[in-house]
Each structure stands twice: as C-alpha cells, then as structure tokens.
Chemist: 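Following this message is one structure expressed as structure tokens.
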Amino acid sequence: MAQQRALPQSKETLLQSYNKRLKDDVKSIMDNFTEIIKTAKIEDETQVSRATQGEQDNYEMHVRAANIVRAGESLMKLVSDLKQFLILNDFPSVNEAIDQRNQQLRALQEECDRKLIALRDEISIDLYELEEEYYSSSSSLCEANDLPLCEAYWRLDLDTDSADGLSAPVLASPEPSTGPLQAAVPAHSHASGPGPSEHT
C-alpha cells in the first residue's frame, strides 16, 4: 500500500515540475522578447555615445535572442518528456487502445467465421446435388464397370456357367449316331467275304 501511495505522489511531483518548467520557459521567452523590443526603441542623447550604446544594445539583443532559443529548446524537451510520461504511465489510455484493437479484431474474426460457414453450407448443398445426379445417372446405365468388383466377378462366373451349359448338348448330339455306324461295319464286312461260320 505504501508503494501504491508513493507512485501517485511521485507522478504528482513530476507533473508539478513539468508545469513549473513550462511556466518558466514561456515567461523567459516573453520577457526576453519584450526587452528586445524596448532595446530597439531610439532614445534621446545620454552620457554614453551613440556608437557605444549601439554596441551595447546589439550585444544585449544577441544575449536575449539566445535566451529565447534556449527556452524554445527547453519547451521541445518538455514536450518529449510529456510524451514519454504518457506512454509509460498513462495505463488507462493504453488499456483503452488495446481494448479497442481487440474489439476490432474480434469483429473481423466473427465476420470471417460467418463467411466461412456460409461458404461451407453452399459447398455442401452443391456436393449433395452432384452426388444425387451422379448416382441417379449411374444406376440408370447399370454398366458392369460401375458395379463393385465382387459383383462383377459373380456375374462373370454366371455367364461362364451358362456358356458351358449351352455347349454341352452340342457335343453330346453325335453319340446316338454311333449305333448305326457300328452296325453298318459288320454288314459291310459280311458282304465282302464269308464269315467265320461259313469258313468252317
């Protein structure tokens, strides 16, 4: 608690010193400028000669002009110190700026999220329509290339079995004719010469 009380006291003292520097520098500029104007006024004859008085006035003007320049440089240094003081010690303003920036970034993030969600919904709708169109066209064509691999092989086996079943009767058809052909052979041999019974 003592430290927290000391910090505001040091800040108050620093601000008072800044205020005093500001008043002193402004007063110095005003006083020196006023004296330069007074020196430029032509006076009547005095005990000092005009040449000597002119040199003295010229020197005084240079000195007062240098004082004005010094006071101006002091004011510029005071401005720099005030900026540094505000940057380092003005926490409410810094926090407010940070909060404003965070709000801007959050608003930008929410806008990006809304756009991404809308884009996702549009893409999902388009994909659904494309899938429906694809599956409806493929089911209407019903080609073997569109079938799964196992079903394609199954259909190929069925076609092979049916082809074998059709070719079997064609090969078996000549078998009934073998009887007459075998019967004709003995008849031909009997006509050509005597058989074993006749030879005996």
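In this chain, residues are counted from 1 in sequence order. Small disclaimer: the values here were computed from a predicted structure and weren't measured.
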Chemist: Enumerate the salt bridge (Lys or Arg N to Asp or Glu O under 4.0 Å) contacts for residues 54-63, please, sequence neighbours excluded, ordered by first and then second residue.
Modeler: Glu60-Arg64

Chemist: Please tabulate, for side-chain N and O atoms in residues 114-128, each donor-acceptor pair with protein atoms closer than 3.5 Å (sequence neighbours left out).
Modeler:
unit_1: Ser124; atom_1: OG; unit_2: Arg120; atom_2: O; d: 3.3
unit_1: Ser124; atom_1: OG; unit_2: Asp121; atom_2: O; d: 2.7
unit_1: Tyr128; atom_1: OH; unit_2: Glu132; atom_2: OE2; d: 2.7

Chemist: Can you list everything that forms a salt bridge (Lys or Arg N to Asp or Glu O under 4.0 Å) with Glu73? Sequence neighbours excluded, please.
Modeler: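 Checked Glu73 against salt bridge (Lys or Arg N to Asp or Glu O under 4.0 Å); zero matches.
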
Chemist: Taking distance alone, no hydrogens or angles, what donor-acceptor pairs closer than 3.5 Å link side-chain atoms of residues 96-113 to residues at least two apart or in another chain?
Modeler:
unit_1: Arg101; atom_1: NH1; unit_2: Gln104; atom_2: OE1; d: 3.3
unit_1: Asn102; atom_1: ND2; unit_2: Ile98; atom_2: O; d: 3.2

Chemist: Not counting sequence neighbours, which residues clear side-chain hydrogen bond (donor to acceptor under 3.5 Å, both in side chains) with Glu35? List them please.
Modeler: none

Chemist: Test question: given the 4.5 Å side-chain rule for I, L, V, M, F, W and Y, name all other residues clustered with Tyr59, or answer none.
Modeler: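 Traced through the cluster, Tyr59 reaches Val63.
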
Chemist: Identify, with sequence neighbours excluded, every residue that meets side chain to side chain contact (heavy atoms under 4.5 Å, CB included) alongside Leu22.
Modeler: Val26, Leu75, Leu78

Chemist: Apply side-chain hydrogen bond (donor to acceptor under 3.5 Å, both in side chains) to Thr52 and list each qualifying residue two or more places apart in sequence or on a separate chain.
Modeler: Ser49

Chemist: Under a single-linkage rule joining Ile, Leu, Val, Met, Phe, Trp and Tyr whose side-chain heavy atoms are separated by less than 4.5 Å, which residues share a cluster with Val69?
Modeler: none

Chemist: Write out all pairs satisfying salt bridge (Lys or Arg N to Asp or Glu O under 4.0 Å) with one or both partners inside residues 15-33, taking only residues at least two apart or from two chains.
Modeler: Lys20-Asp24, Arg21-Asp81, Lys27-Asp31

Chemist: Using 0.5 Å steps for rounding, measure from the CZ atom of Arg70 to the OG atom of Ser74.
Modeler: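 With rounding to 0.5 Å, CZ (Arg70) is 6.5 Å from OG (Ser74).
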
Chemist: Has Gln84 got more than 12 heavy atoms of other residues, nucleotides or ligands less than 6.0 Å from its CD?
Modeler: no

Chemist: Listed by chain and number, what are the side chain to side chain contact (heavy atoms under 4.5 Å, CB included) partners of Ile68, not counting sequence neighbours?
Modeler: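 For Ile68 the side chain to side chain contact (heavy atoms under 4.5 Å, CB included) partners, ignoring immediate neighbours, are Ile29, Asn32, Phe33, Ile36.
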
